[in-house]
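Structure first, commentary second.
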Amino acid sequence: MFIKIYNALIYLLYPLVIRGYINKRKEKGKEDLKRFNERIGRPKLKRPEGKLIWFHGASVGESISMLPLINKLLEAHPDAHVMVTTGTTTSAEIMGKRLPERAFHQYIPIDNPAFAKRFLKHWQPDLILWFESDFWPAMLSNIKKRNIPLILVNGRISNKSFKRWQQFDFISKELLGCFSFCLGQSEEDAYRLRVLGAKDAACLGNLKYAGLPMPIDEKEKNEIEKEIGSRPVWLYGSTHSDEEIKLGRFLKEIEQAIPNILTIIVPRHPQRGTEINQALKDLGLKTALRSAKEKITDKTQVYIADTIGEMGLWYSICPLVFVGGSLIPHGGQNFIEPSRMRDAVIVGPHMHNFTDAMNRAKKADAIIQVNDIVELKDTVIQLMSNKELLEAKRSLAYNWATAENKVLDGILAKIKGYIQE
């Protein structure tokens, strides 16, 4: 009943309200104007011959976590193609660079029954793997009507979401009832999915543990390393608003303890680069901005790498990494990627987006968690001034991350059962 009411309201509200909201997104550059036809279910690409497996994820992190599974599935099914959908321009750009042969990217349609019908009629996927925690009723209900196998992969239900959904369990039961099977990131997630209405749910592990090696442009790496020279260097990555300023106030203290140290900052949203650059200059710091093609010199204290798709480059250069989104109540960003690149990894107190992974990493002594910026400053000084301790922390992080890769085989075996030969 909920889905029927939702779809009727969307038909009514789209021309009155939602279209105006979408137009504002266009004005702010949040929609890809050249490919907006995809957002209304009118793709220009033709459907490839053979099996088509559709992967959907909302964020950059979810999109990247798909890649090992995409590669494995394409190896196992040489006649198949993979379509990846996301909703952001950033994720579209990254997927365009990293998807293998026989895989391509499309934007997910706006959740409107008419757009969903057109999209599914055109693509006719044989299997759908849903990596997003948001459940779009118009799309999910249309998938169910067509009897297409739909699997939730790496599902995560936070404490807050679980409590909220329990108050509206008649809705969650309808939405989760559209899925053929649900895979939770943890046993707790699988339990919550069952409570909320999933027909069948299990945990085979967290697919984010099974990431592929990140791409590195070796030419760019050589050039950056020449500019850095023998200077000590560390990374302050995936940062959000306020985190850069918090660090900036303590960088001179770090430099006093570790002379000539270079800090590389990679903002989570690259468009904030100019803003961060000015804020750090106002603190009296000497900066260089990558998007402006500024070089690292002996006087550069902070290099702001405001680019997309180069995290592998920075992780490969820096032995010590702080993962942002964790000094503020955002919930943290993916700390497993730098661990896999053999970096010592520090995070802040707010890591609730990765509770299960954090618990596992802590047991293996593979992560360093600080309570605030002062403790972060002290930890950076301690590790950068003690090579043996830094090396030990790098090894612990790497050993833990690589041991977790086995999760991919279990998930792959389960998914294969839904692919008809």
Side-chain angles (χ1 to χ4, degrees), residues 59-62 64-65 154 156 158-160 185-186 206-209 211 214 233-251 254 261 263-269 272 276 305 311-312 314-384 386 389-404:
S59 70
V60 172
E62 287 166 344
I64 291 173
S65 73
N154 244 33
R156 186 176 70 87
S158 67
N159 291 335
K160 185 177 179 181
Q185 286 188 13
S186 66
N206 190 332
L207 195 58
K208 288 184 178 179
Y209 295 151
M214 300 184 77
V233 58
W234 74 293
L235 178 67
Y236 195 66
S238 300
T239 57
H240 290 248
S241 181
D242 287 343
E243 288 185 313
E244 300 90 6
I245 290 294
K246 285 181 178 181
L247 176 69
R249 297 190 181 105
F250 287 92
L251 278 180
I254 294 175
I261 190 170
T263 298
I264 297 177
I265 293 180
V266 181
R268 176 68 173 171
H269 303 290
R272 294 182 54 244
I276 296 166
M311 286 305 296
W314 311 121
Y315 287 155
S316 69
I317 289 172
C318 302
L320 177 63
V321 173
F322 171 80
V323 177
S326 60
L327 283 177
I328 57 172
H330 175 77
Q333 299 297 157
N334 190 334
F335 70 90
I336 302 162
E337 290 175 339
S339 300
R340 199 178 292 118
M341 298 284 284
R342 206 175 177 279
D343 294 325
V345 182
I346 309 172
V347 296
H350 303 287
M351 287 295 293
H352 51 266
N353 290 342
F354 296 86
T355 301
D356 179 61
M358 281 293 295
N359 289 338
R360 295 163 76 104
K362 282 180 177 179
K363 285 181 182 178
D365 196 19
I367 192 77
I368 306 157
Q369 189 165 31
V370 298
N371 293 310
D372 52 39
I373 189 66
V374 175
E375 195 174 335
L376 171 61
K377 175 219 25 167
D378 293 340
T379 303
V380 170
I381 291 171
Q382 179 190 29
L383 290 169
M384 294 301 290
N386 187 330
L389 178 61
L390 177 61
E391 187 62 26
K393 290 296 183 182
R394 293 179 70 186
S395 294
L396 286 167
Y398 176 76
N399 291 340
W400 169 76
T402 51
E404 291 288 346

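As the structure is a computational prediction, the values presented were derived from the model and not from experiment. No hydrogens, no waters, no symmetry mates; every other heavy atom, side chains included, goes into these values.
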Heavy-atom nearest pair, Val266 first then Ala305, reads CG1-O, 3.7 Å
With side chains defined as the heavy atoms from C-beta onward, is the minimum distance between Asp356 and Gln185 less than 4.5 Å?
no
Minimum heavy-atom separation for Ile336 and Ala401, please, with both atom names.
O-CB, 4.3 Å
Just jot down the side chain to side chain contact (heavy atoms under 4.5 Å, CB included) partners of Glu375, sequence neighbours excluded, or say none.
Val370, Asn371, Asp372, Thr379
Out of curiosity, Glu243 CD to Ile265 CD1, how far, rounded to the nearest 0.5 Å?
10.0 Å
Taking every non-hydrogen atom, the tightest pair across Val345 and Ser339:
CG2-OG, 3.6 Å
Greater than 12 external heavy atoms within 6.0 Å of Tyr398's OH:
no
Set of side chain to side chain contact (heavy atoms under 4.5 Å, CB included) partners for Asp365, sequence neighbours left out:
Lys393, Leu396
Leu327 side, atom CG; Met351 side, atom CE - distance, nearest 0.5 Å
11.0 Å
Which residue pairs pass the side-chain hydrogen bond (donor to acceptor under 3.5 Å, both in side chains) test with at least one member in residues 324-338, sequence neighbours excluded?
His240-Gln333, His330-Gln333
Closest non-hydrogen atom pair, Met384 against Val233
CE-O, 3.6 Å
Distance (rounded to the nearest 0.5 Å) between Lys377 NZ and Ile373 CD1:
9.5 Å
Who passes salt bridge (Lys or Arg N to Asp or Glu O under 4.0 Å) against Glu62, sequence neighbours left out?
none
Taking C-beta and beyond as the side chain, do Ser241 and Arg272 meet within less than 4.5 Å on heavy atoms?
yes
Only counting residues at least two apart or in another chain, list the ones meeting side chain to side chain donor-acceptor pair (under 3.5 Å) with Gln369.
Lys362
For Arg342, the salt bridge (Lys or Arg N to Asp or Glu O under 4.0 Å) test, sequence neighbours excluded, returns Glu391
Name of the residue among Ile254, Asp242, Thr239 meeting side chain to side chain contact (heavy atoms under 4.5 Å, CB included) with Leu247
Ile254
Asn386 side chain to Gln382 backbone, donor-acceptor under 3.5 Å
no
Rounded to the nearest 0.5 angstrom, the CG-CG distance for Leu320 and Asp343 is 8.0 Å
Heavy-atom check, side chain of Phe335 versus side chain of Val321, under 4.5 Å:
no
Reported CE-to-CE distance for the pair Met311 and Met341, which is rounded to 0.5 angstrom:
9.5 Å
Separation between CZ of Phe322 and CD1 of Ile368, rounded to the nearest 0.5 Å:
11.5 Å
So Tyr236 and Leu376, do their side chains get closer than 4.5 Å, heavy atoms only?
yes
Please examine the side chains of Leu383 and Ile346, heavy atoms only from C-beta on, and report whether any two atoms are closer than 4.5 Å.
yes
For a quick test of reading the model, state the closest non-hydrogen atom pair linking Ala366 to Trp400 and the distance between them.
CB-CB, 3.6 Å
